[in-house]
Asks: 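Would you mind keeping the following structure in view while I ask a few things?
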Amino acid sequence: MLDLEKIRAEFPILQQKIQGKPLIYFDNAATSQKPRQVLDALQQYYTSMNANVHRGIHTLAERATAAFEETREAVRAFINAPSAEQVIFTRGTTESINLVAGSFGRKFIGPGDEIIVTTMEHHSNIVPWQMLCEEKGAVLKVIPINDAGELLLDEYEKLLSERTKLVAVVHVSNALGSVNPVAEVVRLAHQVGARVLVDGAQAAPHYQIDVQALDVDFYAFSGHKVYGPTGIGILYGKLDVLEAMPPYLGGGEMIKEVTFAKTTYNELPYKFEAGTPNIADAVALKEALAFVNQLGQNQIAAHENALLAHATQAVADVPGLRLVGTAQHKASVLSFVVDGLSALDIGMLLDAQGIAVRTGNHCAMPLMQRFGLTGTARASFAVYNTLEEVDSFVAQLRRVVKMMN
Ligand code: PMP
């Protein structure tokens with residue numbers, strides 16, 4: 001069992017009051033809070049080792065480089081990548097996806113080629129592909145979902161053909177909580193020779209990720225959703241495809257030799273890391289992953305599942321409330337609408353009670369359109385949340401619904 005009191009004590013931000021009430025932070029799918037060891041790592045980096053990486057021979061440069069590369073190795077282990085050179089630092093999931101669109105897409109996607117996404121993608125896993133399709137004359141296809149928010153795999157199979165070059169799918173939906181059968185999506189895509197990119201922004205905080213078991217070609221996630229800092233993210237790729245891809249950004253660090261006649265590029269992963277990287281936040285990310293590993297991903301998932309089950313049951317008889325996203329496999333997200341009440345009103349009235357939930361389209365407008373909605377209210381849970389917080393949230397929600405009706 002997790003010791004929640006001890007865990008919560010590690011998060012200074014949770015100790016404060018909001019609107020005079022104890023903060024209940026249920027906006028974890030947007031970003032999670034940071035434990036003390038992450039905050040300390042940031043401070044320690046700037047007070048004892050700040051220097052640019054890979055270029056200096058002085059002591060601080062060696063320290064910074066060692067710490068930066070230690071995180072790469074920690075990420076490798078976290079997702080079970082075969083080698084650290086397959087782990088590329090980016091600013092976040094969005095940049096990781098854009099890197100693949102801008103590099104893999106630039107080289108390997110041509111007129112008439114097809115890219116498949118799902119109805120439940122975040123805008124960051126739609127727009128880069130639309131931009132690419134527009135530029136290349138390629139075609140975007142969309143896997144439909146059922147009313148519960150589950151992928152229709154039969155329809156997916158019908159979309160696949162030798163024209164399919166890439167399938168881009170979210171592992172866990174930020175708006176619905178649906179957990180997608182990624183291994184099966186990959187297996188089917190590989191049968192037609194397509195590559196698969198998985199948006200793991202919402203999966204990395206909740207599940208043990210094994211990129212080899214999933215057999216994905218690309219896996220993207222953000223540090224800030226997994227108890228790490230903002231501004232640092234990861235792109236994992238299979239070695240053969242990363243090696244075949246051209247650089248994304250040009251500049252320092254990504255080169256081997258530059259002359260005005262010709263430039264040769266650095267090896268992996270540096271080929272994709274032009275310019276001074278976000279060293280401090282990368283160094284602190286290692287502590288975030290250590291925090292998750294110390295608690296154990298299975299324990300974290302079990303706790304969050306218990307919170308979700310409790311919340312799902314508790315809101316069942318709130319008058320006029322309807323859950324959006326009732327997939328059989330669901331993680332940590334309770335998205336809902338209430339008859340006669342806008343999501344915005346719900347969010348504002350809960351905030352007045354110190355409860356942070358997200359409202360709106362969750363950067364998934366096509367998904368909202370699928371459900372005939374403009375938005376939902378969303379409570380999303382992390383390891384430091386408690387059953388008591390869920391009870392307070394549901395009690396306040398009942399009060400809000402009663403008051404407004
Ligand atoms: N995909 C999903 C499923 C997400 O939830 C998010 C963040 N809301 C993103 C992509 C984008 O992540 P970031 O903003 O950290 O780049």
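For ligands, and for the atoms within them, numbers begin at 1 and follow the listed sequence.
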Asks: Check ligand 1 against Val170 and write out every atom of the ligand that is under 4.0 Å from a heavy-atom position of the residue.
Replies: 3 (C)
Asks: Which distance, rounded to the nearest 0.5 Å, do you find between the CE of Met365 and the CE of Met368?
Replies: 10.5 Å
Asks: Give a yes/no verdict on whether any heavy atom in Ser124 is under 4.0 Å from an atom of ligand 1.
Replies: yes
Asks: Would you call Glu5-Arg8 a salt bridge at under 4.0 Å N-O?
Replies: no
Asks: Walk me through whether Asp281 and Arg91 qualify under salt bridge (Lys or Arg N to Asp or Glu O under 4.0 Å).
Replies: CA-CA 10 Å; Asp281 294 311; Arg91 281 193 298 136; over 6 Å; no
Asks: Any luck finding a side-chain donor-acceptor pair between Tyr45 and Asn50 under 3.5 Å?
Replies: yes
Asks: May I ask you to decide whether Asp339 forms a salt bridge with Arg322, counting only side-chain N to carboxylate O separations under 4.0 Å?
Replies: no
Asks: Would you please determine whether His224 falls within less than 4.0 Å of ligand 1 on a heavy-atom basis?
Replies: yes
Asks: Going by the order shown, which atoms of ligand 1 are within less than 4.0 Å of some heavy atom of Ser222?
Replies: 12 (O), 13 (P), 15 (O), 16 (O)
Asks: Can you tell me which residue and heavy atom of the protein come closest to atom 4 (C) of ligand 1, and the distance to 0.1 Å?
Replies: His122 CD2, 3.4 Å
Asks: Which part of Thr94 is near ligand 1, with near meaning a heavy atom under 4.0 Å away: side chain, backbone, both or neither?
Replies: both
Asks: Using the six-membered ring wherever Trp is involved, compare the ring planes of Phe68 and His54 and label them parallel, tilted or perpendicular (cut-offs 30° and 60°).
Replies: perpendicular
Asks: Could you tell me whether Arg370 and Asp147 make a salt bridge, using a distance below 4.0 angstrom between a side-chain N and a carboxylate O?
Replies: yes
Asks: Does ligand 1 have an atom under 4.0 Å from some heavy atom of His362?
Replies: no
Asks: Got an N/O contact under 3.5 Å between Lys225 and ligand 1?
Replies: yes
Asks: Which option wins on minimum heavy-atom distance to atom 1 (N) of ligand 1: Val333, Thr31, Asp199, Thr230?
Replies: Asp199
Asks: For atom 5 (O) of ligand 1, what is the closest protein heavy atom, and at what distance to 0.1 Å?
Replies: Gln202 NE2, 2.7 Å
